Amino acid sequence: MRKLRITYGRSFQSTPIEQCFYCERHLSSHHNWTNLQRCNDLLRPSTKMSGNKISVIVCHTCKRAKLQLEPEEFIEKLRACFETQQDFKHIDASRIQMVIKNLTYILDYLEPNLNGRNLTVAKRTDLEKPILKYQVVTSVQSIQSNTTLTCYYCNRPLDASRKDASLHITRDHVRPISKHPESRQIVFSCHLCNNSKANDEPEIFLAKLKIAHYHKQNYKKIPYHLLSTMIVSLQDLISKSLKSFAPYPVLDILHHYDLSLLRKQLHRKQRQLWLEQIDDYALLELLLLCLGAQNKRSSEGLAHDAAFFNITLWQERLELALEIGWISAFYRIDTIDFHALMQEQEFDQFYILNDRGRAALQLEAICSQQENR
């Protein structure tokens, strides 16, 4: 059985054995993986977390049964099983009513009174009342039920009641935390925008929205009529609030490119058959790959950039760039093992954007515009 990734405080080993807050069974003190091993469960799943968060100390059985369910959904499923006297996953039917009671207690008494704090809920064997450990939330303002918020991207009012799934209140890291663990810039957004942005950089997300807006199409599940508002919001965010991205200067010049205009300019010189076979999203990936090769890059370096830019078919884009003659491949003399060369073994290639590619992308003109600014 695959173990869940669980984090504990440093003093975990010295704390007394506690009860599961949901089913009130005693937690195991053994390190072996058992159904009674201590786990930390987020009452609101991390993917749908709004404002403050409540962390509950539970057993592995209850955590595995709840998974990514909202507490209200979890209660509904438990009640359905209780009415038919059936077990819910691995939770005994005799304990379902107790789990419902404890979940309802959190929703009724603890969640409405967070007041800008994070909360850890634990229940010890020698005490009847739960132990509450508060932590002040300093990075993000708290969300209360009477607060009116709008999505930073699409400007729609957010639904604190969670009736509309697409308008759930979420917090989006402007720089995706999967690539920037130190990312601290957070905005409130609806679940639809947050899920559509995924782990794209804001500059790349903006470029994709512009493509969808130009073709009058929906972007993923975002309807077309919202795209213009999102483009304006992202442009304002990038120009006023984001610092230049030093490790990847490609993003600093990406906003100079209009892909529809670039496509017309490439066709104007000579009809390009390869250009008719790819859409604008693939053209964006090709552009990112070529701009990343302005300086000499190894195949590992290009693969690293491709993963960073979410180019899943980076090898195909690289082969296309080589085929149309925008990128040149070469071997650095100081890396060649001549003994391996005599045995016809492969060794590393390096790639660079050549003069033909720079002329096609009008890179010199764009760089001069940046210098003038």
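Heads up: numbering here begins at 1 and tracks the sequence. Just so you know, these numbers come straight off a predicted model, no measurement behind them.
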Linked, directly or transitively: Y22 and Y105 (ILVMFWY side chains, under 4.5 Å): yes
I'd like to check I106 versus P71 (side-chain heavy atoms, cut-off strictly below 4.5 Å). Are they in contact? no
Candidate list R95, K66, R25, H90, test side chain to side chain donor-acceptor pair (under 3.5 Å), partner T61, passing option: R25
Applying the 4.5 Å side-chain criterion to the ILVMFWY set and letting contacts propagate, would L287 and L322 be lumped into a single cluster? yes
Option among C190, S196, P223 that satisfies the side chain to side chain contact (heavy atoms under 4.5 Å, CB included) test with C154: C190
Euclidean distance, K296 NZ relative to Y351 OH, rounded to 0.5 Å: 15.0 Å
Euclidean distance, L288 CG relative to E201 CD, rounded to 0.5 Å: 11.0 Å
How about R175 and P202: do any of their side-chain heavy atoms sit closer than 4.5 Å? yes
Would you say N354's side chain and G325's backbone share a donor-acceptor pair under 3.5 angstrom? yes
So do L283 and R263 actually touch side chain to side chain, heavy atoms under 4.5 Å? yes
Test item: E285 and E316 side chains (from C-beta on) under 4.5 Å apart, heavy atoms: no
Keeping the roles fixed (side chain from Y257, backbone from L284), state whether a donor-acceptor pair exists under 3.5 Å. no
Enter the distance from D258:CG to D280:CG here, rounded to the nearest 0.5 Å. 9.0 Å
Side-chain heavy atoms of L291 within contact of L363, under 4.5 Å: yes
Taking atom CZ of F88 and atom SG of C62, what is their separation to the nearest 0.5 Å? 10.5 Å
Distance from I311 atom CD1 to Y281 atom OH, nearest 0.5 Å? 15.0 Å
Just wondering, do E276 and H267 contact through their side chains at under 4.5 Å, heavy atoms? yes
Connected via hydrophobic side-chain network under 4.5 Å: I177 and I169: no
Using the six-membered ring wherever Trp is involved, compare the ring planes of W274 and W326 and label them parallel, tilted or perpendicular (cut-offs 30° and 60°). perpendicular
With a 3.5 Å cut-off and no angle check, do the side chains of N194 and T170 form a donor-acceptor pair? yes
Side chains of Q185 and L237, heavy atoms from C-beta outward: is any pair under 4.5 Å? yes
Just wondering, do F74 and V99 contact through their side chains at under 4.5 Å, heavy atoms? yes
Honestly curious: do I75 and M98 fall in one hydrophobic cluster under the side-chain, below-4.5 Å linking rule? no
Check whether more than 12 heavy atoms from other residues, nucleotides or ligands sit under 6.0 Å from atom NZ of K77, and answer yes or no. no
Transitive ILVMFWY side-chain link L192 to L167, under 4.5 Å: no
Approximate separation, where rounding is to 0.5 Å, of L227 CG and K210 NZ: 12.5 Å
